[in-house]
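These values consider heavy atoms only, across backbone and side chains, with no hydrogens, waters or symmetry-generated copies. The structure displayed is predicted, hence computed values, not measured ones.
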Amino acid sequence: MTGDPARAGERPDIRACFFGDSFVAGVGDSSGLGWVGRVTAAARAAGHRLTSYNLGVRGQASTQVASRIAVEAPARWAEADDSRLVVSFGVNDTTRVAGLPRASSEEGLQAI
């Protein structure tokens, strides 16, 4: 938190990183917003100072998503008053490769 006294009356600068798969990226949404864009628009309409970072990557499983968080989030949170992390994954964990799921339930739970 920056704690700048000149901004005491303002709402906090919120920076949210949304990590995940194609659902986070908004693949298939004809408006191009996806749920991340809709959440962001609603938060801003309610007066929140929100900067959102859509970091969804189509096709990634939980272990791949988790491996990017420590690398990609800190630079986006620099100078924020309030940093948020939203993670959504799972659909790609259940897809099968050679008859086996890409990630087991245990791997998915341990990823985060």
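Pairing each heavy atom of Gly34 with each of Ser31, the nearest pair is N-OG, 4.5 Å. Between Ala25 and Gly56, the shortest heavy-atom distance links the atoms CB-O, 3.7 Å.
Note on Val39 and Tyr53: separate hydrophobic clusters, where clusters join Ile, Leu, Val, Met, Phe, Trp and Tyr whose side-chain heavy atoms are under 4.5 Å apart, directly or indirectly.
Think of Ile14 as one node in a network of Ile, Leu, Val, Met, Phe, Trp and Tyr side chains linked at under 4.5 Å; its network also takes in Leu50. Here Val71 is tied to no hydrophobic group at all, with no ILVMFWY side chain closer than 4.5 Å.
Screening residues 25-38 for salt bridge (charged side-chain N to carboxylate O under 4.0 Å, His left out) gives Asp29-Arg38 as the qualifying pairs, with residues at least two apart or on separate chains. Every pair passing salt bridge (charged side-chain N to carboxylate O under 4.0 Å, His left out) that includes a residue from residues 60-73 is listed here, sequence neighbours excluded: Arg68-Glu72. For residues 18-44, the set of pairs meeting the ring-ring contact (aromatic ring centres under 6.0 Å, His included) definition, not counting sequence neighbours, comprises Phe18-Trp35.
Environment of CZ in Arg58: sparse, with no more than 12 heavy atoms of neighbouring residues, nucleotides or ligands closer than 6.0 Å.
The side-chain heavy atoms of Val24 and Asn54, taken from C-beta on, include a pair separated by under 4.5 Å. Side-chain atoms of Leu55 and Arg76, non-hydrogen and from C-beta on, do get closer than 4.5 Å to each other.
Although no hydrogens or angles enter the test, the distance criterion places a donor-acceptor pair under 3.5 Å between the side chain of Arg15 and the main chain of Ala78. Side-chain N or O atoms of Asp81 include none that pairs as donor or acceptor with a backbone N or O of Pro12 at under 3.5 Å. Judged purely by atom type and a 3.5 angstrom limit, Arg49 uses its side chain to pair as donor or acceptor with the backbone of Arg11.
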Could you tabulate the donor-acceptor pairs under 3.5 Å formed by side-chain atoms of residues 84-91, not counting sequence neighbours?
unit_1: Arg84; atom_1: NE; unit_2: Asp82; atom_2: OD1; d: 2.9
unit_1: Arg84; atom_1: NE; unit_2: Asp82; atom_2: OD2; d: 3.3
unit_1: Arg84; atom_1: NH2; unit_2: Asp82; atom_2: OD2; d: 2.8

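For the side chain to side chain donor-acceptor pair (under 3.5 Å) test, residues two or more places apart in sequence or in another chain that qualify with Ser52 are Thr40.
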